[in-house]
Amino acid sequence: MKTLKKSDPEVADLIQKEQGRQENTLMMIPSENIASQAVEEALASSLGNKYAEGYPHKRYYQGNEFVDKVETLAIERAKKLFNVPEANVQALSGSPANFAVYTALLSPGDTIMGLSLSSGGHLTHGAARTASDKYFRSIQYDVGRDGFLDYEKIRKLAKKEKPRLIVAGYTAYPQIIDWKQFASIAKEIGAYLLTDISHIAGLIVAGVYPTPVPYADVIMTTTHKTLRGPRGALILSTKKGLSKDPDLAKKINSAIIPGIQGGPHMNTIAGIGVALKEASKPSFKTYGKQVVKNARALAQELVKQGFELVTGGTTSHLILIDLRNKKLLGNTVAEAFEAAGIVLNRNAVPFDPNPPYYPSGIRLGTPALTSRGMKEKQMKMVARFMNLIVADLQKEKEKLGFMIEDEKKRDKRKTLFLKTKSIKAVLSKVKELTRQFPIKKAY
Ligand code: DSN
């Protein structure tokens, strides 16, 4: 960053500090990952200067000789990697991509059906106050009491409400989704099936999570989670979807532009192309396998240490811890962990008695730690660090006589953290661990 340092030391300094934070902490937010240096270079390139509204060879501006090639490369790589006939690589991220699919296939006011936020669904799957709820009629399904999807319940609801589109694929669901069941439900009522594989795309590419390709009409994925690319999204039309509606891919392209977007971010599209090439290497399969192995090892050790996991474990990259047996809020634990260098997010658990801002759970995952080369041994260490802090928080909270309402106050949480000695002890161990596994960004 030689030039940036000279021309804008303030921004350069903040970037460097953020790089340092990533280097010295355990990034365990399951939707985060560490993109390669090659992806970063594509992102930072002068492709970002170019306006190229339209699609390759059908643009509204001149000067597209090279960006046409860049976008075509990304499209072809996406099609090959996911084994689909059509791909759109222009959506700026997952939320606009989902909205584009809805507007491509539905009319305003049509019914969509997605998993509720508290059960692990995404905001854009029909949650209240989102555009997916305002412009469409949203019906939400929940997981069962055991935290698993209950396909018969979903089928019943679908038959009653007759959505025109069903969304499957989530942000806080640790288990494998039975795509076939969803396809049969959608078929029964003549609905489209959109699968949102944002969290699990990299696992699908690695062959450690079932692919929805034979079952879905449309597949949406962001490109920066397990897929390890830049922030962006792919909308993939399947053979099945195209046989239902031969204009499907055309409709999706028009829903992106002119529907909801203008000029594509060509630098991002180049970065997506680079990430797709990386994901097609055999080493990416090894990576995906290790992500799941690591999550399983982490989950097993957490259970051993007395944590309650939603669904009891994981078959993906993601774990949801229900903290109700620890009598601590997600906020308290997530902040204490952050002070110890373990960065994850607080999260609602299914049927959470607490409000979304003060939920009863935390969500964590292994994609970024695996990108640094960590394996099962390190996952077990991390689970033990977590237990040390949580046990200490419980003890000190009791000594202070704090109730759940106290935990909602920032100053009281601070008081609690000052008493929790293990935070400092774990922080030094985390530093040691991160030093042993530096971020290399070379895949
Ligand atoms: N915000 C993302 C996540 O953390 O799962 C989903 O968009």
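Read the numbers this way: they start at 1 and go in the same order the structure lists the ligands and their atoms. Side chains included, hydrogens not; waters and symmetry mates left out as well; all remaining heavy atoms used.
Ala216 and Lys240 make their closest contact through O-CB, 3.8 Å (heavy atoms, listed as atom of the first residue, atom of the second, distance). Pairing each heavy atom of Leu193 with each of Trp179, the nearest pair is CD2-O, 4.3 Å.
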For ligand 1, list every N/O pair with the protein closer than 3.5 Å, one pair per line with the distance.
residue  : atom  : partner : partner atom : Å
ligand 1 : 4 (O) : Ser31   : OG           : 2.6
ligand 1 : 4 (O) : Arg363  : NH2          : 2.7
ligand 1 : 5 (O) : His199  : NE2          : 2.7
ligand 1 : 5 (O) : Arg363  : NH1          : 3.0
ligand 1 : 7 (O) : His122  : NE2          : 2.9

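Taken from CG in Leu4 to CG in Asp13, the straight-line distance is 10.5 Å, to the nearest 0.5 Å.
Cation-pi check for Lys326 over Phe307 is met; the charged atom lies under 6.0 angstrom from the ring centroid and within 45 degrees of its normal.
Side-chain contact between Ile235 and Ile256 is present, with at least one heavy-atom pair separated by less than 4.5 Å.
No donor-acceptor contact under 3.5 angstrom links the side chains of Asp352 and Ser118, judged on distance only.
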